[in-house]
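The structure appears right after this line, and notes come after that.
Since the model is a prediction, treat every value here as computed from it, not as a measurement. In what follows, chains are A, B, ... by sequence order, proteins preceding strands, each numbered from 1.
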Protein chains: 2
Amino acid sequence: MAKRPNPGLQAIADRVGVSKMTVSRVLRGGGGFSAETEAKVREAADALGYVPNRLAAAFGRSGTSTLVGVCVPRLNSALFGSVLESLNATLARLGYDTMIGAHDHLPSEEEAWIRALAAWKPAAVVLTSREHSARTLSTLRDMSVPVLEMWDLRTAPIDLSVGFSHYDNGWEMARTIANAGRQRIGYIGGLAERQTMGAVRLNGFRKGLDEAGLSVFAEERLTDRPGFYSGYYATEMLLARAPKLDAIYYQDDEMAIGGQAYLTARGIRVPDDIGIAGWGGMEAASILPRRLTTTMVPTTRLGKVAAEALVSRLRDAPVQDVTVVQTRLVPGSTI
Amino acid sequence: MAKRPNPGLQAIADRVGVSKMTVSRVLRGGGGFSAETEAKVREAADALGYVPNRLAAAFGRSGTSTLVGVCVPRLNSALFGSVLESLNATLARLGYDTMIGAHDHLPSEEEAWIRALAAWKPAAVVLTSREHSARTLSTLRDMSVPVLEMWDLRTAPIDLSVGFSHYDNGWEMARTIANAGRQRIGYIGGLAERQTMGAVRLNGFRKGLDEAGLSVFAEERLTDRPGFYSGYYATEMLLARAPKLDAIYYQDDEMAIGGQAYLTARGIRVPDDIGIAGWGGMEAASILPRRLTTTMVPTTRLGKVAAEALVSRLRDAPVQDVTVVQTRLVPGSTI
DNA sequence: CTACGTCACGTTACCGGTAACCCATGCCGC
DNA sequence: GCGGCATGGGTTACCGGTAACGTGACGTAG
């Protein structure tokens with residue numbers, strides 16, 4: 001079997017004895033041809049092993065692209081990975097192709113990616129960041145395609161928004177910890193300057209504590225990216241400064257599990273000596289000796305809902321601008 | 001600021017007073033124009049906010065595409081996520097754009113993805129599966145672009161291969177476990193029918209045990225996907241059938257950590273009562289009470305090396321067909 | 001019998017960049 | 001003075017689909 005140049009519409013048209021326009025009509029469906037012609041065209045397309053040329057289609061007339069750009073903070077994250085997996089699978093099933101990017105929580109990276117994406121004239125864009133640079137917004141406007149902001153709810157989305165309120169997540173956990181009678185409460189997470197979702201949860205957390213007459217007693221902010229090990233040593237550092245904490249809220253479950261490991265190694269009992277809570281509902285949390293108090297994020301559903309909302313918009317079907325995907329606070333037994 | 005239609009080469013050409021061909025030459029570099037012309041063209045392009053149209057470029061003449069297709073088993077995997085992150089970042093830095101797909105270890109999924117990818121006439125393809133369907137190979141041949149097979153080493157790669165030997169990984173761990181004096185050794189992992197990398201490691205593992213006069217005493221195969229929790233209950237099931245095991249080799253670290261959690265919950269001591277070993281070198285393994293015996297996979301380096309090899313090939317620079325990225329057996333203290 | 005609509009298809013032009021080719025100018029050596 | 005050649009461009013054709021519009025055959029209402 002030698003390499004054969006892939007046939008185009010013209011090759012099919014020649015074989016059947018019609019014009020390539022008729023072939024185009026048949027293969028895209030929608031009428032304007034007889035059943036007999038359709039059968040012959042389909043047979044010929046199959047025989048020749050026709051592969052549609054999306055490049056040519058998207059290039060010729062805009063509005064026919066099936067390309068969707070998706071930008072997430074990182075690709076090696078359990079949570080975003082699940083969202084991406086589900087988003088991509090749903091888009092693929094509906095006939096769309098995914099171009100990815102990672103912005104690492106830096107608006108400048110997102111901006112560079114968006115500009116590269118614009119060169120491909122995609123049908124839609126999915127973003128997961130909270131803040132966009134002015135140039136990003138300008139590029140998006142020039143592209144004039146549907147934009148879906150995912151992960152956090154936006155009060156004023158550019159276009160579509162699917163997610164939940166990180167602020168409320170933090171608030172809710174604050175109330176849970178306060179109701180459990182904890183008094184000296186610490187926080188461990190990433191830097192606040194970067195407007196990450198974790199920082200938003202912290203704001204909600206502070207508000208919740210405030211309403212209960214409490215405040216964050218001590219906090220540890222890391223420049224390292226969150227993970228098991230950073231949770232481990234951040235806990236060590238925080239307790240060195242504030243030994244009398246009776247609860248710690250972690251930016252995510254991985255850090256909480258790392259923290260738990262440190263506490264266990266030191267003989268500090270959870271939740272007797274100190275309570276811990278995480279965020280995200282990662283699978284790893286399910287195998288701890290005690291079930292971790294955390295917030296479950298329905299990542300798979302989020303990706304699916306986002307993909308479906310986007311495709312609805314692309315097909316001019318009615319869609320809500322803002323779709324809330326509910327998270328769930330899992331009481332666990334570590335607080 | 002209203003939406004403005006993005007200018008093309010012609011708009012720049014009109015502004016400067018040259019032909020669009022000259023503008024094309026300047027923007028792609030390579031000569032055929034004066035320094036004066038170059039300056040004027042660049043200024044005009046900047047002023048108009050020119051965004052190159054990769055769609056048109058790739059469509060017009062093949063060989064000018066900057067699109068690379070990457071297909072991994074899953075997008076929500078710590079290991080593949082890291083590889084993807086590094087691969088994508090390196091490709092982006094070198095001016096390439098990434099289209100992704102997930103095949104979930106099913107050749108049919110990979111085949112469907114490849115066909116969708118072919119419609120975009122990419123510059124190259126990166127695969128991570130071990131087995132490809134006949135139709136996949138046929139489509140790849142028709143595309144006639146560089147193909148890089150990553151993750152496992154291929155004895156006869158389609159084109160380029162970057163990775164390491166899973167077989168050797170399994171063999172090496174078998175020798176390590178045997179040398180530690182373990183006799184009744186179990187295995188926990190996924191199904192063998194699917195030609196996954198885990199199955200290849202198991203083959204090497206069997207061979208290593210065989211050379212030491214041993215064999216796999218009992219094994220537990222799951223249809224569920226690997227993870228913390230499946231490691232937890234697979235350990236329970238395996239030990240119910242074979243209580244006298246003195247070592248277990250897990251398909252990956254997540255399962256091993258899950259297994260460790262089960263053993264701890266049951267009061268079974270590691271490594272005194274039973275030894276465990278994982279694979280992958282996941283970060284989570286670093287926070288166990290005892291460091292997990294495992295094989296470290298340099299995911300970040302793997303992605304970077306793969307991207308660089310691919311780009312070298314695309315630029316007609318010399319590349320080795322097969323590049324080995326070394327893994328490292330971490331002795332740890334759980335065997 | 002004519003006017004008009006519908007169906008099924010053909011024709012034409014076009015998207016924006018690029019390879020291949022052509023052309024004018026100026027400088028050089030002989 | 002003339003041929004040769006490098007430099008700095010311009011011209012043309014083309015990639016493979018698709019929107020817009022044109023056309024002939026046929027059916028049908030007035």
Side-chain angles (χ1 to χ4, degrees), chain A residues 4-42 44-45 48-67 118-123 142-144, chain B residues 5-42 44-45 48-67 95 118-123 142-144:
Chain A
R4 36 146 215 234
N6 14 11
L9 290 184
Q10 191 61 60
I12 300 174
D14 291 346
R15 201 171 208 261
V16 177
V18 295
S19 75
K20 68 174 186 174
M21 194 62 223
T22 299
V23 178
S24 173
R25 280 193 268 252
V26 169
L27 294 181
R28 277 181 301 145
F33 47 83
S34 67
E36 187 191 1
T37 303
E38 170 168 12
K40 284 195 289 185
V41 166
R42 290 201 182 282
L48 291 168
Y50 174 70
V51 176
N53 188 337
R54 300 226 176 276
L55 216 46
F59 167 65
R61 294 290 149 186
S62 55
T64 55
S65 176
T66 58
L67 182 63
W120 290 99
K121 315 288 171 190
D142 290 345
M143 290 166 73
S144 57
Chain B
N6 15 10
L9 291 185
Q10 191 61 59
I12 300 174
D14 292 346
R15 200 171 208 260
V16 177
V18 294
S19 75
K20 69 174 186 173
M21 193 62 223
T22 299
V23 177
S24 173
R25 280 192 269 253
V26 169
L27 294 181
R28 277 179 302 144
F33 47 84
S34 67
E36 187 190 2
T37 304
E38 170 168 11
K40 284 194 291 186
V41 166
R42 290 201 182 282
L48 291 168
Y50 174 70
V51 177
N53 188 338
R54 301 224 174 279
L55 216 48
F59 167 65
R61 293 294 146 181
S62 55
T64 56
S65 176
T66 58
L67 182 63
W120 289 99
K121 314 288 172 191
D142 291 345
M143 290 166 75
S144 57

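Between Phe59(A) and Thr64(A), every side-chain heavy-atom pair lies at or beyond the 4.5 Å cut-off. No side-chain heavy atom of Phe33(A) sits less than 4.5 Å from a side-chain heavy atom of Val18(A). The shortest distance between side-chain heavy atoms of Leu55(A) and Leu67(B) does not fall below 4.5 Å. Side-chain contact check for Val23(B) versus Val16(B): every heavy-atom pair is 4.5 Å or farther apart. You'll find the side chain of Ile12(B) stays beyond 4.5 Å of the side chain of Val26(B), heavy atoms only.
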Next on the checklist: Output one letter per nucleotide in nucleotides 10-18 of chain C: B when a protein non-hydrogen atom lies under 4.0 Å from the base, S when only the sugar-phosphate is that close, - when neither is.
Outcome noted: BB--BBBBB
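Side-chain nitrogen and oxygen atoms of Thr37(A) include at least one within less than 4.0 Å of the OP1 or OP2 phosphate oxygen of dC9(C).
Rounded to whole Å, atom P of dG8(D) lies 14 Å from atom NZ of Lys40(B).
Closest non-hydrogen pair, Pro52(A) versus Ala119(B), comes out as O-CB, 3.0 Å.
Here the straight-line distance linking atom NZ of Lys121(B) with atom CG of Asn6(A) works out to 3.5 Å at 0.5 Å rounding. Atom OG1 in Thr37(B) sits 12.0 Å away from atom CZ in Arg42(B) (nearest 0.5 Å).
Between its opening and closing five pairs, the helix from dC1(C)-dG30(D) to dC30(C)-dG1(D) changes axis direction by 50°, a value rounded to 10 degrees.
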